[in-house]
**Q** 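Have a look at the structure that comes next, please.
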Amino acid sequence: LPPHVACPTTCGTGSECTGIAVFDLLATKVKTGIASRRLRPSLALVDPDTTRTLPSEVVAASGFDVLCHAIESYTARP
């Protein structure tokens, strides 16, 4: 595959370092995760300046997403 360069536009999601995507087919209300090493970006360009102009609601939602993933990781059973 050609190089996959990720350019995150929000903070905290970590999508630039994962090989997982979510497929959502709205017409049939079907949503599933897709995991593959081929989906993992080969390079990430992370520029914190891109988040300076985000609306406060987006920053808050990103922070809440990070918190939820942290709680999920802490409470998950092996």
Side-chain angles (χ1 to χ4, degrees):
L1 295 174
H4 177 178
V5 180
C7 301
T9 55
T10 60
C11 50
T13 63
S15 61
E16 69 276 6
C17 62
T18 184
I20 299 172
V22 175
F23 178 75
D24 192 0
L25 186 57
L26 298 176
T28 58
K29 298 182 181 176
V30 174
K31 187 175 184 179
T32 188
I34 302 169
S36 172
R37 289 186 355 210
R38 293 181 177 174
L39 290 173
R40 187 173 182 193
S42 50
L43 178 69
L45 301 176
V46 182
D47 182 2
D49 285 336
T50 61
T51 62
R52 290 185 194 268
T53 58
L54 288 174
S56 59
E57 295 85 7
V58 173
V59 175
S62 294
F64 189 70
D65 183 52
V66 171
L67 177 63
C68 290
H69 285 291
I71 292 170
E72 179 184 31
S73 296
Y74 185 75
T75 60
R77 296 181 179 175

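Treat the numbers as computed from the prediction; the structure is a model and nothing was measured.
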**Q** Roughly how far, to the nearest 0.5 Å, is the CD1 atom of Ile34 from the CZ atom of Phe23?
**A**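 It is 6.5 Å, given to the nearest 0.5 Å.
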**Q** Between the side chain of Ser42 and the main-chain N/O of Pro3, is any donor-acceptor distance below 3.5 Å?
**A**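 It does not hold such a pair.
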**Q** Could you give the side-chain donor-acceptor pairs of residues 67-78 under 3.5 Å, partners two or more places apart or in another chain?
**A**
from  : atom 1 : to    : atom 2 : distance (Å)
His69 : NE2    : Asp65 : OD1    : 3.2
Ser73 : OG     : His69 : O      : 3.0
Thr75 : OG1    : Ile71 : O      : 2.8

**Q** Which atoms form the tightest heavy-atom contact between Lys31 and Val22, and what is the distance?
**A**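 Result for this residue pair: CE-CG1, 3.5 Å.
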**Q** Answer with yes or no whether the hydrophobic clustering places Leu25 together with Leu39; edges join I, L, V, M, F, W, Y residues whose side-chain heavy atoms lie under 4.5 Å apart.
**A**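 In one cluster with Leu25: Leu39, yes.
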**Q** For the residue pair Val46 and Pro8, establish whether any side-chain heavy-atom pair is separated by less than 4.5 Å.
**A** yes
**Q** Any side-chain heavy-atom pair from Leu43 and Leu45 closer than 4.5 angstrom?
**A**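 Counting from C-beta outward, Leu43 and Leu45 do come under 4.5 Å.
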**Q** Heavy atoms, side chains only, cut-off 4.5 Å: are Val66 and Phe64 in contact?
**A** no
**Q** Quick one: list whatever passes side-chain hydrogen bond (donor to acceptor under 3.5 Å, both in side chains) with Arg52, sequence neighbours left out.
**A**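 For Arg52 the side-chain hydrogen bond (donor to acceptor under 3.5 Å, both in side chains) partners, ignoring immediate neighbours, are Asp49.
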**Q** Tell me every residue that passes side-chain contact (heavy atoms from CB on, under 4.5 Å) with Cys17, counting only those two or more places apart in sequence or in another chain.
**A** none
**Q** side-chain contact (heavy atoms from CB on, under 4.5 Å) with Ala60: which residues, sequence neighbours excluded?
**A** none
**Q** What are the two closest non-hydrogen atoms of Ala35 and Ile20, and how far apart are they?
**A** CB-CG1, 4.1 Å
**Q** What residues, two or more places apart in sequence or in another chain, satisfy side-chain contact (heavy atoms from CB on, under 4.5 Å) together with Thr51?
**A**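 Only Cys11, Leu54 meet the side-chain contact (heavy atoms from CB on, under 4.5 Å) criterion with Thr51.
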**Q** Who passes side-chain contact (heavy atoms from CB on, under 4.5 Å) against Ala61, sequence neighbours left out?
**A**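 None.
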